[in-house]
**Student:** 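Below: one structure in structure tokens.
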Amino acid sequence: MSDQHDIATPRRTKEIISKHGFSFKKSLGQNFLIDANILNKIVEAAGLTPERGALEIGPGIGALTERLAQQAKAVTAVEIDQRLIPILKDSLQTYSNVNVRHGDILKVDLHELFREDFGNVDKVSVVANLPYYVTTPILMKLLEERLPLDNIVVMIQKEVAQRMAAKPGGKEYGSLSIAVQYYCEPELVCIVPKTVFIPQPNVESAVIRLKLREQPAVQVEDEQHFFEIVQSSFVQRRKTIANNLKTRYFAGGDREQLEQLLNRAGIEPTRRGETLSLEEYAVLSRVFLEAGIR
């Protein structure tokens, strides 16, 4: 597409904003992308084809939506800011395969949305430049609801992307790494400088691709219990796993039983939570459940 029509240029973005008298709301974390190369990388990472669908969250004025519409069979864009709905309808009017919905993605019934909008597509990708302040709740909702997704390609804060992709042992690795890797295989696509946005955010961004696994990375009997064990192990990062778990599960004091359980799981009580793999957490959760500790 020629530069004249591309939304993702500084000039077109400013034109659209001034045409509609739009002003940015800081509370909604609005930063519009003005770089076509970054958009290409995002869309490419999603592997869209004319048989596939794309769900976009927070389309802004439609820079990414436009690219998705050119690649996918059906695109649904969910925007929380009512003021952007007429702008999106105007800037995307040439695309008959785009459905713009007004709503808060955290409150939308996603299974119903998929039935209504993606009934006739092969696979669906979530592709979005996510507002930083709600990145984690949005991603966890997408993963926990077990939607028929192929992958999720999102632009998020660089530090958060690094945490999602982190391996055991480093300071970035934590409960978010484990939650994401339980459901997906994460891969950093690229780091994105602040300069490619209007207005510029205070932090660097990154594009990450989360490829949904057919089955979770580890088998657990009780997912909620597994994630509670994980979270408890990171409450105070500098503490050993034994000390963190004691606070949550053995506050009354049976230190000996706790150490026996850790040993049974093959985990040295002096280790820190950040050194344990998903497999080790799965074993630990099973050992706790077998001992009747919830």
**Student:** In the structure I gave you, are the side-chain heavy atoms of E159 and Y132 within less than 4.5 Å of one another anywhere?
**Tutor:** no

**Student:** For E112, is there an ion pair with R101 - N to carboxylate O distance below 4.0 angstrom?
**Tutor:** no

**Student:** Among I156, V160, T136, I152, find the residue that satisfies the side chain to side chain contact (heavy atoms under 4.5 Å, CB included) test when tested with L130.
**Tutor:** I156

**Student:** Specify whether F226 and Y281 have parallel, tilted or perpendicular ring planes, treating 30° as the upper limit for parallel and 60° as the lower limit for perpendicular.
**Tutor:** perpendicular

**Student:** Quick one: CD on E221 to CG on L289, what's the gap to the nearest 0.5 Å?
**Tutor:** 6.0 Å

**Student:** Please determine whether a side-chain nitrogen of the Lys or Arg among R264 and E290 lies less than 4.0 Å from a carboxylate oxygen of the Asp or Glu.
**Tutor:** no

**Student:** Calculate, to the nearest 0.5 Å, the distance between atoms CD and CD belonging to Q162 and Q157 respectively.
**Tutor:** 10.0 Å

**Student:** Once side-chain hydrogen bond (donor to acceptor under 3.5 Å, both in side chains) is applied, what residue pairs with a partner in residues 32-42 remain, sequence neighbours excluded?
**Tutor:** N40-R67

**Student:** Ignoring hydrogens and angles, tell me if any N or O in the side chain of H111 forms a donor-acceptor pair with the backbone of E145 under 3.5 Å.
**Tutor:** yes

**Student:** Using only heavy-atom distances, determine whether the side chains of N243 and R255 contain a donor-acceptor pair under 3.5 Å.
**Tutor:** yes

**Student:** For residues I191 and V207: do they belong to one hydrophobic cluster (side chain heavy atoms under 4.5 Å, members Ile, Leu, Val, Met, Phe, Trp, Tyr)?
**Tutor:** no

**Student:** State whether a side-chain donor-acceptor pair under 3.5 Å links E66 with Q70.
**Tutor:** no

**Student:** After noting the C-alpha distance and the side-chain angles of F197 and I34, does the key distance pass the side chain to side chain contact (heavy atoms under 4.5 Å, CB included) rule?
**Tutor:** CA-CA 6 Å; F197 297 96; I34 50 168; 5.8 Å; no

**Student:** Side chain to side chain contact (heavy atoms under 4.5 Å, CB included) for M155 and L64? Distances and angles first, verdict last.
**Tutor:** CA-CA 11 Å; M155 169 120 61; L64 176 57; over 6 Å; no

**Student:** Whether the side chain of R209 engages the backbone of A45 through a donor-acceptor N/O pair (distance < 3.5 Å, no angle test) should be reported.
**Tutor:** yes

**Student:** Side chains of Y183 and E144: donor-acceptor distance under 3.5 Å anywhere?
**Tutor:** no

**Student:** Do you know which two heavy atoms are closest between L92 and G62, and how far apart they sit?
**Tutor:** CD2-O, 4.0 Å

**Student:** Salt bridge check: are E187 and K211 linked by an N-O gap of less than 4.0 Å?
**Tutor:** no

**Student:** Over 60° means perpendicular and under 30° means parallel, so classify the ring planes of F288 and H225, tilted if in between.
**Tutor:** tilted

**Student:** Measure from the side-chain N and O atoms of E274 to the backbone N and O of G174, and report whether any donor-acceptor pair falls under 3.5 Å.
**Tutor:** no

**Student:** So, do L147 and V124 sit near enough that their side-chain heavy atoms are less than 4.5 Å apart?
**Tutor:** no

**Student:** Ignoring hydrogens, what is the shortest heavy-atom contact between S233 and I241? Give both atom names and the distance.
**Tutor:** OG-CD1, 3.5 Å

**Student:** Does any part of the side chain of E116, heavy atoms only, come nearer than 4.5 Å to the side chain of T76, both counted from C-beta?
**Tutor:** no

**Student:** Between N151 and S125, is there a side-chain donor-acceptor contact under 3.5 Å, judged purely by atom types and distance?
**Tutor:** yes

**Student:** Can you find a heavy atom in the side chain of F250 that is under 4.5 Å from one in the side chain of L245?
**Tutor:** no

**Student:** Heavy-atom distance under 4.5 Å between the side chains of T13 and I61, does that happen here?
**Tutor:** yes

**Student:** What are the two closest heavy atoms between A161 and I208, and how far apart are they?
**Tutor:** O-CD1, 3.6 Å

**Student:** Side chain to side chain contact (heavy atoms under 4.5 Å, CB included) for T247 and Q236? Distances and angles first, verdict last.
**Tutor:** CA-CA 10 Å; T247 308; Q236 295 197 339; over 6 Å; no

